[in-house]
Each structure stands twice: as structure tokens, then as C-alpha cells.
Amino acid sequence: KAKLLLHDEL
Amino acid sequence: MNIFRGIADFSHLAAIIILLHKIWKSRSCAGISGKSQILFAIVFTTRYLDLLTSFISLYNTSMKVIYISCSYATVYLIYMKFRATYDGNHDSFRVEFLVVPVGGLAVLINHDFALLEILWTFSIYLESVAILPQLFMISKTGEAETITTHYLFCLGLYRALYLFNWIWRFYFEGFFDMIAIVAGLVQTVLYCDFFYLYVTKVLKGKKLSLPA
């Protein structure tokens, strides 16, 4: 599952 | 962004500034665990590599740059500039007992088996235990300077407020990240003992000294 994870939290 | 995350980020920034300012002004890092500060520098470095790959907002980018630069500046002050005041004898927590299991866990349990994602996961797990050398050092010295307790309070409060941020985001956005939530719970639980002492002693004007 090549999810491009964008972590928007610090 | 929500009020909980806003206050949390502010509290985190305050903690980092309080510590840097305390060491710089007093020209001493007595009572401060250099090991915890190294772990925090590693936490920020491995978590914010996405500075190179994605842009979220000016706020996000600027805060990341501030966190990374302040944490390296703090490590520099402890191990270089004011190394004579570093209390290595009491800063004796075996951090390899933290880094190795956390590293293994990050490889086993993550959202995506990609390098940046594993490093992010490692950073989340490491942050939850990064304060242990500092708490251990306080238990060994039996006391902490009041300014250090304020630093720890802000640091503990930041992740506790993130828990509320995640409740908010689950309810309003349907967003939740189990890895961050579980690690955040562990991290906050580790502060409970300190929070109790902070509220019952420091807020009453007493010095924080153990055993209570």
C-alpha cells in the first residue's frame, strides 16, 4: 500500500 | 488547525525557548540531561526530513526550522560551550535501551514501509520516551531547578493537548493516526508523576525535591 502519507502536524 | 493544537505548539515552543534561555543566561546546564536533548534533536531531525520533500504551510515550515535549530543549539551549549557544567555522572540513563527497541518497533509497526515514513514513525516512538533520561536524572539528583520544572511542564502539556487535538480532529475531520495517538498517550502518562509533583509543590512555591 504505497500511501503517500503527508503528516501535517508538527 | 484547532485551538488545542495551537496552544500545544505554543507550549512546545515555549518549553524549547525556556530551556535554551535558561542555559544561555545561567551559562550552565546543571540538572539538564544532555542525553534527552540529543534524543529530541534526533526526534526533530528524523521527523522533519519532509522539509526537503513537501511544503504544507509557512507556519509548519517555520516551526520545524525553529524546533530543529533550537534543539541543536541546546545540544551545542550542553556538550560544547558549557560542557564544564554538564553533570555527566547523574545523566547516566542507558539511551541504547530506548533507541534500539524504538528503532525495531518503527520497522515493524508503521503506516508504510518507506524510508521517510519509517523515520517519521521512529521519531514518534522515540519522542514518547525521550524525556526518560531527564526524569531519571532528576530522580538521581533528588531535585530540579524551578525553571527546569516549568520547562518540563510545558513539554508535557504540549503532547497532552495534542491528545485533545486528536479527539477534535477525529470528531470534526474523521482524522486519526493510531501510531501518534498511542505514542502520545504513553508520552503523557510518563509525565503524570511529574505533573503531580509540579502541581502540588512548584505551584505552591516550593522547590521540587524527591523523595516527596
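When reading the values below, keep in mind they use all heavy atoms of this one structure, side chains included, and skip hydrogens, waters and symmetry mates. Model, not experiment: these values are computed from the prediction.
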Contact winner vs chain A - B:Tyr67, B:Tyr162, B:Tyr59, heavy-atom pairs under 4.5 Å = B:Tyr162
Shortest non-hydrogen contact from B:Arg169 to A:Asp8?
-> NH2-OD2, 3.0 Å
In terms of heavy-atom contacts, A:Leu10 and B:Tyr48 come closest through C-OH, 3.2 Å
Does B:Ile3 CD1 have over 12 foreign heavy atoms under 6.0 Å away?
-> no
Does a side chain donor of either B:Asn60 or A:Glu9 reach within less than 3.5 Å of an acceptor in the other side chain?
-> no
What do you reckon, is CZ of B:Phe164 surrounded by more than 12 foreign heavy atoms closer than 6.0 Å?
-> no
Verify the neighbour count for atom CZ of B:Phe172: are there more than 12 heavy atoms of other residues, nucleotides or ligands below 6.0 Å?
-> yes
I would like to know whether B:Glu117 and A:His7 meet side chain to side chain contact (heavy atoms under 4.5 Å, CB included); could you show each step before the answer?
-> CA-CA 9 Å; B:Glu117 187 57 27; A:His7 300 290; 2.8 Å; yes
Can you say whether B:Phe175 sits under 4.5 Å from chain A via the side chain, the backbone, both, or neither, judging by heavy atoms?
-> side chain
So does B:Tyr79 have more than 12 non-hydrogen atoms from other groups sitting under 6.0 Å from OH?
-> yes
